[in-house]
Amino acid sequence: MSNLLTDLNDRQIEAVRATEGPVLVIAGAGSGKTKTLTHRLAYLASEKGVQPHQILAVTFTNKAAGEMRDRAAKLLRANPRTWQTWQGFGSGPALGTFHAICVRILRQEAEKLGFKRQFAIYDTEDQKAAIKKVMYNEGVSPREVNPTGVLSLISRAKNEMLTPEEMAEGAEGPFAETAAALYEGYSQYLKENQAMDFDDLLLFTVRLFKKYPKVLSEYQKRWPYIMIDEYQDTNQVQYTWARQLSGKNSNIFVVGDDWQGIYSWRGATMRNILEFEKDYPGSLVIKLEQNYRSTPEILNLGNLIIGGNPGQMKKKLWTDRPSGIKPEIWQVADEDREAEKVLEKVAELEKFRVSSFEFRDENKQNEAPQEIIYDYEAEGGGSGILDKIMAGFKKGKKKYHAQDMVMRGARGVPLDIGQRPIKWNKYAVLYRTNAQSRILEEVMLRYGVPYRLVGGIRFYERKEIKDSLAYLRFLLNPNDILSLERIINEPPRGIGDKTLGRVYTEARAENKNIVDYVLDINKVEGLAPNRLQAFKDFAATFATAQKSLPQMTVNEAIDLILKRSGYIESLREQGDDGEERLENIAELKSVARKFAKLKGTEGLEAFLAEVALVSDQDSYNPETGEALTLMTLHSAKGLEFNTVFMVGMEEGLLPHANSMLEPAELEEERRLCYVGITRAQDHLYFLLTRQRTIYGSVNITTPSRFLAELGEAGVEFYNEDDW
């Protein structure tokens, strides 16, 4: 037996050895799917004589792709750095997200579609700016028609590979009709700016393959072995792309879990995994059902909760891990106590103890007590989990004072818990909506607890980072008017929108980019000579940088363009705030060092593509230090933690209010609950409140229906008021 197979179970070995023809691996949570994928990749190269560059492996996050690359290289005793080049995909396997792989294809083939290879990639903020300009040109007010909603419908149309005409034909209602009418103008605007949005990356690659069969044939020959992770999360355009590339020999190996399909809101369709055998006749189906992550108690809850969904593939996860601690349900007063309860349980697990009245919140001591009155009569009585939870509301109009609850309930939270030697990376708090993170952050700050917020304001959304990236994008693509508009007055140069628009229009009329045009003219109507000179100096900075770019690394390009443009000096003049922004730019340069071996446009293209496609989960990096992780259930998919707290287990949050009327959407909410449960290794806690302040209003809550599905025998229920 190959050494690659010695530490795999029988089903994993079967999957690794299945190297020819279509294969579907149904990989349950924690069943070692990444290990199976990487071992199969290494097995193809070392045992079957497949050249690494003949393998295409697609993931959903850059983080997952990087992990797979490092693991595979280690198994093959290869240096992953020798595998990776930009234009030719390198000598190693092509590993990356759908979008990242498509960017690299389009950089080489974009001219066939009327784009330059230096096209820009517009992120969400850029897309909003673009659609607003199109709406303005079409006489549609952003106040009357939501630009984000318009982009959402256009995105859905692109994921379904619809043209503007096809979208218009199927539009139902005034809003959809307006969005369809704007689709053509939006597409034209992007083309004029030599830009693509995220959806275009896949859509244009599919169109490229359809329009140019020879190009498709070249990539089919390049990658006779295709592997796709998280197949249940693919949408229609991703499905078509995979069908195109695997069409020659059907050597397609997909891994997924229909129990973890949670992305229908972004176009994913469960049909792709449920009907794989129909799409690829003669498919081999392998089920990975042994879970290596969770205790039996946690795993049993996962099986129970997902069992409420009909029409799914049958499997039952099992584990040979020894028995652990029963998961707990905690009912507390409000969202503030919910956050403190998380810290109390951490203190308990870490074996810290404090006296009952050690804690007093100084900000609340002088406030007038706020009465919270509950009056609930359960219908029909009962003794199930839901009945016990509802009994927490049935206290005969008993009055609680917020002050008393804070003092009484915080008995288990040491004042200095944030300074204790705790391995915070073991703990994660998961919630359904980003709005729930606010109070969690406030309480963590109150106790000095280090935390890591995944999916909040990200590094690449900071102003100075957006500015720096806009400078680089315009350096690479002088047709990118959105980037130009962002940086033309950063620092101030006195060039107004009207002047810029007029100059840009004139440059396009002469078929020149704006840099070359400005350097050729001697006057602009309505623009003072000194302002024109500022514009010329700005253009000259880019013209000079473009000449030097072929010999520069990305870091050198950053230094050159930001210093000569005056941007760095303008930040230095901002004092402490400017120093912090300069530190963030230094961190951006740290990211750019990954591309130190690539010079010129090649390096800049690779760098800009990577930062444009960063996802929330890519920002999760436990190696940056010990911190309590706060993230949504969607962001947690694919991760694992020793201890998980699922907060907000209430109707309207989980399941979400927008999902409770449609059976299919409610099933997805149940899958989301399943994902949260199966992130936990040893300890799992569910928390719910009697009342919650969210979206600006105070509401008496109703326990999540999912709690009733957990079964009384598998959990311990605690009502904090019983203490």
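These numbers come from the heavy atoms of this one structure, side chains and all, not from hydrogens, waters or symmetry mates. Bear in mind the structure is a predicted one, so any value in this text is a computation, not a measurement. We number each residue from 1, following the sequence as shown.
In this structure, Tyr471 and Phe542 have parallel ring planes: the angle between them is below the 30° cut-off, well short of the 60° mark. Ring pair Tyr219/Trp223 is tilted by interplanar angle, where 30° to 60° counts as tilted. Relative ring orientation between Phe60 and Phe98 is described as perpendicular, the plane-to-plane angle rising above 60° on a 0-90° scale split at 30° and 60°.
Both tests hold for Arg271 against Tyr239: distance to the six-membered ring centre under 6.0 Å, angle to the ring axis within 45°. By the 6.0 Å and 45° rule, Arg243 stacks over the aromatic ring of Tyr280. Annotation: cation-pi pair Lys133/Tyr189 absent, no NZ/CZ under 6.0 Å from the ring centroid and within 45° of its normal. The side-chain tip of Arg486 does not point at the ring of Phe474 from less than 6.0 angstrom away and within 45° of straight on.
Looking at Tyr212, its side chain does come within 3.5 Å of a backbone N or O of Lys112 through a donor-acceptor pair. The backbone N or O of Leu613 lies less than 3.5 Å from no partner atom in the side chain of His99, so there is not a single donor-acceptor pair. Under the 3.5 Å distance criterion, the side-chain polar atoms of Asp126 are matched with a main-chain donor or acceptor of Asp123. A donor-acceptor pair is defined here as one N or O able to donate and one able to accept, closer than 3.5 Å; such a pair exists between the side chain of Asn193 and the backbone of Ile481. With hydrogens and angles ignored, the 3.5 Å screen pairs a side-chain donor or acceptor of Arg679 with a backbone N or O of Val675.
No side-chain donor from either of Arg71 and Thr38 sits under 3.5 Å from a side-chain acceptor of the other. Gln260 and Tyr674 share no side-chain donor-acceptor pair at under 3.5 Å. Between the side chains of Tyr186 and Asp197, at least one donor-acceptor pair of N or O atoms lies under 3.5 Å. There is a side-chain donor-acceptor pair under 3.5 Å between Glu464 and Asn584. Side-chain N/O atoms of Gln436 and Thr433 include a donor and acceptor closer than 3.5 Å. Defined by atom type and a distance below 3.5 Å, a donor-acceptor pair is missing between the side-chain atoms of Tyr231 and Asn272. Counting only N and O atoms by type, the side chains of Tyr122 and Asp200 include no donor and acceptor under 3.5 Å apart. Between the side chains of Ser152 and Ser155, no donor-acceptor pair of N or O atoms lies under 3.5 Å.
Side-chain contact between Ile101 and Trp241 is present, with heavy atoms from C-beta onward closer than 4.5 Å. Looking at heavy atoms from C-beta onward, Arg117 lies in side-chain contact with Glu605 at the 4.5 angstrom threshold. Counting only heavy atoms from C-beta outward, the side chains of Arg222 and Gln54 never approach each other to under 4.5 Å. Inter-residue side-chain proximity for Leu201 and Phe119 is flagged as met; some heavy-atom pair is nearer than 4.5 Å. In this structure, Val58 and Asp229 have side chains that are not in contact, with every pair of non-hydrogen atoms separated by 4.5 Å or more.
Taking the charged nitrogens against the carboxylate oxygens, Asp258 and Arg671 have no contact shorter than 4.0 Å, which rules out a salt bridge. Comment: Glu230 engages Lys33 in a salt bridge, judged by a side-chain N to carboxylate O separation of less than 4.0 angstrom. The pair Glu111-Lys116 does not count as a salt bridge, with every side-chain nitrogen at least 4.0 angstrom from each carboxylate oxygen. Using a 4.0 Å cut-off between a side-chain N of Lys or Arg and a carboxylate O of Asp or Glu, Lys128 and Glu125 do not qualify as a salt bridge.
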